[in-house]
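Every chain is numbered from 1, with letters handed out A, B, ... down the list of sequences.
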Protein chains: 2
Amino acid sequence: MARSRSNPLALAVLALLWERPMHPYEMSMTLRERGKDESVRLNFGSLYSVVDSLEKHGLVAAASTEREGNRPQRTVYRITDEGSREVVDWLSDLLRTPTKEFPQFEAALSFLPLLPPDDAVRLLRLRVVALERRQAALRGSLDEAVATGLPPLFTVESEFEGALLRAELDFVTDLVTRLGDGTYPGVDLWRRFHADAGPDGRIDQTAVEEAVTAYIQSVRSGP
Amino acid sequence: MARSRSNPLALAVLALLWERPMHPYEMSMTLRERGKDESVRLNFGSLYSVVDSLEKHGLVAAASTEREGNRPQRTVYRITDEGSREVVDWLSDLLRTPTKEFPQFEAALSFLPLLPPDDAVRLLRLRVVALERRQAALRGSLDEAVATGLPPLFTVESEFEGALLRAELDFVTDLVTRLGDGTYPGVDLWRRFHADAGPDGRIDQTAVEEAVTAYIQSVRSGP
DNA sequence: TGTCGAATGCTCTAACCAGAATATATCGCG
DNA sequence: CGCGATATATTCTGGTTAGAGCATTCGACA
């Protein structure tokens with residue numbers, strides 16, 4: 001009986017129906033209008049199945065089916081009492097308890113040493129440029145929202161996105177610098193085992209392991 | 001024929017097999033040992049199906065099936081040439097191009113005004129405490145890694161996680177303060193429409209819309 | 001008046017994936 | 001030496017989801 005809470009789109013649906021009854025297509029359009037599709041992954045396929053699942057669990061209910069002109073018939077849903085409780089509960093949980101996320105970039109950094117150091121630096125420099133573009137775009141849309149007079153409270157999530165973006169930009173900028181000038185600890189080692197690679201880029205793994213072990217020895221016995 | 005690249009676990013598998021042939025269980029253990037399960041979502045069910053899918057697409061191949069003692073038989077995989085190309089390509093893409101992510105907390109912030117302001121502030125304060133705990137834990141495991149002598153290069157992803165964590169902590173701390181003392185623009189409005197709510201917490205949505213519209217008017221005509 | 005393309009609204013399907021379930025072996029402990 | 005706990009290794013299952021596909025209507029334009 002317990003619903004899974006895995007898809008935040010369900011939260012968005014509940015939050016919208018908490019305001020007033022809607023049919024699914026209207027929900028998607030409202031989310032778009034308010035720019036919430038930037039903070040909640042929205043796609044049509046998921047939307048309809050999420051609504052179905054909420055209905056099955058009694059958190060929303062079909063309020064009416066109507067037909068406007070000769071358009072396809074559509075079902076208007078409303079939130080139930082249980083749904084109202086659930087949305088407050090879920091939202092509270094999300095605010096109170098940080099969730100472990102797995103950003104793609106973090107995964108990529110995990111395997112950074114697989115690439116030759118110079119390639120890695122070149123790619124990260126390109127990332128910096130791309131991040132700066134995104135930052136400009138975000139700032140632009142925030143300014144626009146403020147210009148319409150919408151209180152910033154209703155766009156906090158974008159401010160948050162901006163904060164993360166800035167943090168990433170600072171991090172990558174610093175990383176690129178230190179990888180580039182070799183002051184990041186381990187770059188020498190990294191460079192060495194990629195220099196020993198064959199012409200096809202293949203690396204002798206035994207050599208890598210030995211190099212890492214040697215490094216560790218030297219650090220441990222060091223000062 | 002083009003593979004989807006949706007699951008970073010496949011990247012991890014390729015990266016491991018790029019080092020040396022392994023069987024799935026060994027992959028999972030290696031990822032754990034190296035702490036990469038903090039940056040790539042790892043679970044057994046997915047692992048086996050991801051490996052199957054990679055095999056189907058010719059990026060990895062069964063190298064042998066062996067049996068040690070009377071343990072269940074296991075299949076050792078190796079990376080193919082196409083797989084080597086794919087891992088470099090995929091990794092390069094991830095480093096170069098920022099991906100749009102949808103953190104749960106961002107979704108939650110999107111619907112913040114649904115909760116009564118005082119509740120929201122209380123919950124966010126609890127989040128600050130939780131974030132500080134996580135920060136301490138992360139710092140601990142980083143110190144530990146350095147203590148073994150492992151070059152920081154091999155744990156960059158955790159440094160990144162730390163940077164994001166710090167950014168979130170700063171953001172939430174600031175947010176809580178400004179929501180608490182009412183200096184965040186829109187809080188007055190928020191407080192007003194929650195004060196008008198019935199005893200069951202139900203809110204008159206028409207009143208909200210009117211209030212927001214009025215606010216917008218006042219801002220636009222204002223200085 | 002015919003038609004082209006955009007907008008409206010929903011459905012279908014194949015892949016994906018999380019979590020549970022299964023099965024055996026080994027180890028420590030009284 | 002028998003018991004449960006832990007480690008090894010994989011398979012199963014069923015819900016979830018992304019993305020494409022379908023069907024209709026309407027406005028614009030020629």
Return the value, rounded to whole Å, for the distance between atom [atom1] of [X] and atom [atom2] of [N].
| X | N | atom1 | atom2 | result |
| --- | --- | --- | --- | --- |
| A:Y25 | C:dT11 | OH | P | 14 Å |
| A:R5 | C:dA18 | CZ | C1' | 18 Å |
| A:L42 | C:dC10 | CG | P | 14 Å |
| A:E33 | C:dT8 | CD | C1' | 14 Å |
| A:E26 | C:dA7 | CD | P | 18 Å |

Got a salt bridge between [X] and [Y], using NZ or NE/NH1/NH2 to carboxylate O under 4.0 Å?
| X | Y | result |
| --- | --- | --- |
| B:R74 | B:E26 | no |
| A:E101 | B:R134 | no |
| B:D119 | A:R96 | no |
| B:E161 | B:R166 | no |

Can you pull every protein N or O that's under 3.5 Å from an N or O on nucleotides 17-20 of chain D?
unit_1 : atom_1 : unit_2 : atom_2 : d
D:dT17 : OP1    : A:N7   : ND2    : 3.3
D:dT17 : OP2    : A:N7   : ND2    : 3.1
D:dA18 : OP2    : A:N43  : OD1    : 3.4
D:dA18 : OP2    : A:N43  : ND2    : 3.0
D:dA18 : OP2    : A:S46  : OG     : 2.5
D:dA18 : O5'    : A:N43  : ND2    : 3.3

Just by modelled atom types, is the B:L59 backbone N or O under 3.5 Å from a matching donor or acceptor in the B:T80 side chain?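 Answer holds: yes.
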Taking the side chain as everything from C-beta on, heavy atoms only, tell me whether A:L165 gets closer than 4.5 Å to A:R139. no
Set of residues satisfying side chain to side chain donor-acceptor pair (under 3.5 Å) with respect to A:N43, sequence neighbours excluded: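 Here the qualifying residues are A:S46.
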Should A:Y48 be listed as having a side-chain N or O under 4.0 Å from OP1 or OP2 of C:dT11? no
Note: contacts of residues 86-96 of chain B with DNA chain D (heavy atom, under 4.0 Å) are none
Worked verdict on B:L42 versus B:R32 for side-chain contact (heavy atoms from CB on, under 4.5 Å): CA-CA 9 Å; B:L42 166 64; B:R32 288 237 171 110; 4.3 Å; yes
